[in-house]
Amino acid sequence: MSQDKSLVSHLHSLGMDDKMVNGHPAGLFVLFFTEMWERFSYYGMRALLTLFLISTIADGGWGWTNSEAMKLYGTYTGLVYLTPLLGGIIADKITGYKKAILIGALIMTLGHLSMAFEGFAPWFFYLGLGLMILGNGMFKPNISSMVGNLYPDTSSKKDAGYTIFYMGINAGAFLGMLLCGYIGEKVGWHYGFGLAGVFMFFGMLQFYFAEKIFGIIGESPKDVQAYHDKKVANHEEEEEVIPANVVRDRLIVVGVLMLASVVFFLAFEQAGGSMSIFAKDYTQRVLEGNAATTFKWIDTILTIVPIAIVTVVLYALAKQIYKQYPLTIICTAISFVIIWGLGLWKIFREFNSVETEVAASWFQILNSFFIIALASSFSKFWEKIWNPSGPVKFALGLILVGLGFAALAYGAMEIPQGAKTASVSMVWLVIAYFFHTTGELCLSPVGLSYVSKLSPKKFIGLLFGFWFCASAIANFIGGFLGSYIDQIVETHSMSYFFMIFAIIPAVTALILIGLNPILKRMMHGIN
């Protein structure tokens, strides 16, 4: 209870009201939905990118080789996570987080609009990718920074808050990959690209209309400084002075965790690259009889349940803030009506189709579905049962992502050396995505929380930029390694290729466990 009083006091000190949704600030759930629609747009497009490039011209694609597609995929996803470094600096020094988020959302909306016109000229496609990269740079680090500012660093709810926020990330990713992937593959690529932008626009509007809920959080650096100077002058708060050696040690810990995240994500991000190629060319996706009927019902459940869960979250938020921020709730509600319509249309279309072929992009939704299903359980597990140090959680994440690739390696053992196609059971992809998801829940939201807790407040946007810079490096390396899939399959085997991504994270996890006692001391009381 004292922790709740501490949280309420913290919110009041920042000019926020103390309305709560499930024990967390209402502002967390505004950020939840803003990030949800941004991730819808990003992952909806990402689900299509590699598949669009390697599909034949007759199927509306560009007919690129696997190697060419993987290199563009790695370059694009790498730059998406590199530009947040610049976006964090701009927000810290000039705009503040709120304006940076709105600017980024607008640029990304224009990027999706441009990609929707790829059928008219190729340069629309490249322009869209460029705008997506720039917009994400302004958006991504700054919304994560705002989440951290909702809680005092000593709050036990902070890790749980980031896990809930991460559920929003994956709800958007799930819906984006499910609907944009399906429409892109089954109806037309440009429709899938364009749909992603519609919900980015809704996300921008709902955040804009709820800006005041955050009090001073996210305002320009000048306004934030003036606000704190006034409170210090009125003896309402004391500025915390952290010794230089403590700051140095904590930043070293952040650096070690960033290196570990590079290893995790160079493996994990194979989902949109080599694992998509494996799904398209090496997985049995045409179903008949009972298998087809079973899949249709599973797909129906996978479509309806996550939409229903986030609808309940929206209802809980609406009960708390509708009177003060009606336009925020209305914009989000309209977008949910569209989502429900598209989801039900997709289910109806599949049940009335003659042939059941699982879309290659469909497997990517499993990661987000498992996140939505497991996020609250992990949040409660960290809060109430076992809450190990950040390095131990990272090590668990690395071990689990390695197990996912070990499962794929085992499932791919029967694929002959040099084979261009095969019909491996889709069960192995399902198992891999399950392990990858549990690993992600141990590492990614925890990483966001630790960057927030260990970073000096005046540089938090910059440090989040560096955090996403680590993801950029991971995506560059992952794309580079993934581009060798055909070469490795020809000289060794598909199983050999996946074992590379099983072994590297496992070795890194052992190193991290060995360093844990030293890293815990260097955090100087941050748990």
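Model, not experiment: these values are computed from the prediction.
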Report task. With rounding to the nearest 0.5 Å, note down the distance linking CD1 in I164 to CG in N22. Result -> 7.0 Å

Query raised in the report: Any idea which heavy atoms bring M36 and A171 closest together, and the distance?
Result: SD-CB, 3.8 Å

Report task. Answer yes or no: is there a side-chain heavy-atom contact under 4.5 Å between Y43 and Q364? Result -> no

Requested in this report: Report yes if the side chains of L443 and F268 come closer than 4.5 Å at any heavy-atom pair, otherwise no.
Outcome: no

**Report entry** Side-chain touch L7/P25, heavy atoms, less than 4.5 angstrom
**Finding:** yes

Query - Smallest separation among heavy atoms of F264 and H436, with atom names - result: CZ-O, 4.3 Å

**Report entry** Any donor-acceptor N/O pair, T50 side chain to A69 backbone, under 3.5 Å
**Finding:** no

Query raised in the report: So, do F40 and C180 sit near enough that their side-chain heavy atoms are less than 4.5 Å apart?
Result: yes

Requested in this report: Might you work through the side chain to side chain contact (heavy atoms under 4.5 Å, CB included) test for L519 and I252, ending with a clear yes or no?
Outcome: CA-CA 9 Å; L519 296 174; I252 290 171; 5.6 Å; no

Report task. Determine, step by step, whether F214 and L31 satisfy the side chain to side chain contact (heavy atoms under 4.5 Å, CB included) criterion, reporting the C-alpha distance in whole Å, the side-chain angles of both residues, the deciding distance to 0.1 Å, and the verdict. Result -> CA-CA 10 Å; F214 300 105; L31 297 174; 3.6 Å; yes

Report summary line: Value for CG (L257) from OG (S261), rounded to nearest 0.5 Å, stands at 8.0 Å

Query raised in the report: Any side-chain heavy-atom pair from L178 and L302 closer than 4.5 angstrom?
Result: no

Query raised in the report: What are the two closest heavy atoms between A91 and P221, and how far apart are they?
Result: O-CG, 3.7 Å

Query - From OH (Y450) to CE (M258), nearest 0.5 Å - result: 15.0 Å

Query raised in the report: Within a reach of under 6.0 Å around OH of Y208, are more than 12 heavy atoms found that belong to other residues, nucleotides or ligands?
Result: no

Query raised in the report: Do side-chain atoms of E38 reach the backbone of G203 as a donor and acceptor pair under 3.5 angstrom?
Result: no

Side chains of residues 465-482: which donor-acceptor pairs under 3.5 Å do they make with residues two or more places apart or in other chains?
from	atom 1	to	atom 2	distance (Å)
N475	OD1	T77	OG1	3.0
N475	ND2	S471	O	2.7

Query raised in the report: Within a strict 4.5 Å, meaning less than it, do heavy atoms of the E269 and R46 side chains meet?
Result: yes

**Report entry** Pair listing, ring pair (Phe, Tyr, Trp, His ring centres under 6.0 Å) test, anchored in residues 128-153, at least two apart
**Finding:** H24-Y151

Query raised in the report: Is the backbone of L110 close enough, under 3.5 Å, to the side chain of S114 for a donor and an acceptor to pair up by distance?
Result: no

Query - Residues E219 and K99 bridged, charged N to O under 4.0 Å - result: no

Query - Side-chain donor-acceptor pair present, N387, K393, cut-off under 3.5 Å - result: yes

Query raised in the report: Where the side chain of S335 meets the backbone of T332, is there a donor-acceptor pair that is under 3.5 Å apart?
Result: yes

Report task. Verify the neighbour count for atom CZ of F201: are there more than 12 heavy atoms of other residues, nucleotides or ligands below 6.0 Å? Result -> no

Query raised in the report: Taking the side chain from R250 and the backbone from H524, do they hold a donor-acceptor pair closer than 3.5 Å?
Result: yes

Query raised in the report: Does a donor on one side chain and an acceptor on the other come within less than 3.5 Å for Q270 and S274?
Result: yes

Report task. Answer whether the closest heavy-atom distance between the side chains of W386 and P388 falls below 4.5 Å. Result -> yes

Requested in this report: Check whether any side-chain N or O of H112 sits under 3.5 Å from a backbone N or O of M45 as a donor-acceptor pair, and report yes or no.
Outcome: no

Requested in this report: Show your reasoning for whether ring-ring contact (aromatic ring centres under 6.0 Å, His included) applies to F52 and F125.
Outcome: CA-CA 11 Å; F52 165 71; F125 180 81; 5.4 Å; yes

Query - Minimum heavy-atom distance S368-N170, with the two atoms named - result: CB-O, 3.0 Å

Query raised in the report: For F370, does its backbone N or O pair with a side-chain atom of T437 as donor and acceptor, under 3.5 Å?
Result: no

Query raised in the report: Taking all non-hydrogen atoms of both residues, which atom of I213 and which atom of A26 are closest, and how far apart?
Result: CD1-CB, 4.2 Å

Query raised in the report: For the atom pair CZ (R248) and CE (M522), what is the distance rounded to the nearest 0.5 Å?
Result: 7.0 Å

**Report entry** Backbone of A271 reached by a side-chain donor or acceptor of S276 within 3.5 Å
**Finding:** yes

Requested in this report: Just do the side chain to side chain contact (heavy atoms under 4.5 Å, CB included) check on L400 and C442 with the steps written out, would you?
Outcome: CA-CA 9 Å; L400 288 165; C442 290; 4.1 Å; yes

Report task. Assess whether atom OH of Y76 is packed by more than 12 heavy atoms of other residues, nucleotides or ligands within 6.0 Å. Result -> yes

**Report entry** K346, NZ atom: more than 12 neighbouring heavy atoms under 6.0 Å
**Finding:** yes

**Report entry** Under 3.5 Å donor-acceptor, S13 side chain and H10 backbone
**Finding:** yes

Report summary line: With W37 as partner, the option from F336, F202, Y42, F32 fulfilling ring pair (Phe, Tyr, Trp, His ring centres under 6.0 Å) is F336

Report summary line: Closest non-hydrogen contact found for L266 with F501 is O-CE2, 3.9 Å

Run the side-chain donor-acceptor check on residues 308-324: report pairs under 3.5 Å with partners two or more places apart or on a different chain.
from	atom 1	to	atom 2	distance (Å)
T311	OG1	I307	O	2.6
T311	OG1	W340	NE1	3.2
Q324	OE1	K19	NZ	2.8

Query raised in the report: Checking N136 side chain against V80 main chain: does a donor-acceptor pair fall under 3.5 Å?
Result: yes

Query raised in the report: Heavy-atom distance under 4.5 Å between the side chains of I101 and M138, does that happen here?
Result: no

